[in-house]
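Beneath this line is the structure, given in structure tokens, with notes to follow.
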Amino acid sequence: MQVARVLQTYLDGETDEVTARRVAAHLEDCHRCGLSVETYREIKSALARRSEPDADAVERLRAFAEGMTRHSADAEGEGQTPGA
């Protein structure tokens, strides 16, 4: 399972129980995804407050998304399945 693909759904509480457990277990060990969760939560909280999100959080999210896009494109170019 590629956590990046279900992370937002997980954070919104919209995953099934099995997926939620798998993502939670992954987040315990993966520093990179843990930072992404923190970033998503900061942005979501700022949006709920209708305030400007922390610029560092936005930049971390942007860098994460760009990295995932590059990884996906590289994997497709090599004939691999992303996250495999």
Side-chain angles (χ1 to χ4, degrees):
M1 172 177 63
Q2 187 176 8
V3 170
R5 290 185 181 194
V6 297
L7 191 56
Q8 188 63 50
T9 306
Y10 167 79
L11 292 172
D12 289 339
E14 298 174 356
T15 56
D16 61 75
E17 187 177 327
V18 172
T19 300
R21 281 193 307 239
R22 292 170 114 186
V23 172
H26 176 82
L27 292 175
E28 289 181 18
D29 296 327
C30 182
H31 179 69
R32 180 178 177 196
C33 288
L35 288 175
S36 297
V37 167
E38 181 181 324
T39 299
Y40 281 130
R41 287 183 175 153
E42 288 175 21
I43 291 171
K44 189 173 181 176
S45 176
L47 291 172
R49 292 186 315 267
R50 295 181 186 238
S51 64
E52 185 71 25
D54 178 69
D56 289 337
V58 172
E59 186 54 38
R60 287 193 310 266
L61 181 59
R62 182 176 289 119
F64 178 76
E66 289 172 356
M68 293 307 300
T69 301
R70 278 193 303 275
H71 174 75
S72 181
D74 291 346
E76 288 175 9
E78 296 173 4
Q80 299 175 2
T81 303

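Keep in mind that the numbers below use all heavy atoms, side chains included, and drop hydrogens, waters and symmetry copies.
- Using a distance-only test at 3.5 Å, with no hydrogens or angles considered, a donor-acceptor pair links the side chain of T39 to the main chain of L35.
- A donor-acceptor contact closer than 3.5 angstrom links the side chains of R49 and S45.
- The structure places CD of E14 at 8.5 Å from CD of Q8, a figure rounded to the nearest 0.5 Å.
- Between atom CZ of residue R32 and atom NE2 of residue H26 there is a gap of 9.0 Å, rounded to the nearest 0.5 Å.
- A heavy-atom distance below 4.5 Å is found between the side chains of V6 and V23.
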Evaluation steps, salt bridge (charged side-chain N to carboxylate O under 4.0 Å, His left out), between R41 and E38: CA-CA 5 Å; R41 287 183 175 153; E38 181 181 324; over 6 Å; no

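- At least one side-chain heavy atom of L7 sits under 4.5 Å from a side-chain heavy atom of S36.
- For Y40 against L61, the heavy-atom pair with the smallest separation is CE2-CD1, 3.3 Å.
- In this structure the side chain of K44 reaches within 4.5 angstrom of the side chain of D12, judged on heavy atoms.
- The shortest non-hydrogen separation linking L27 to C33 is CD2-CB, 3.5 Å.
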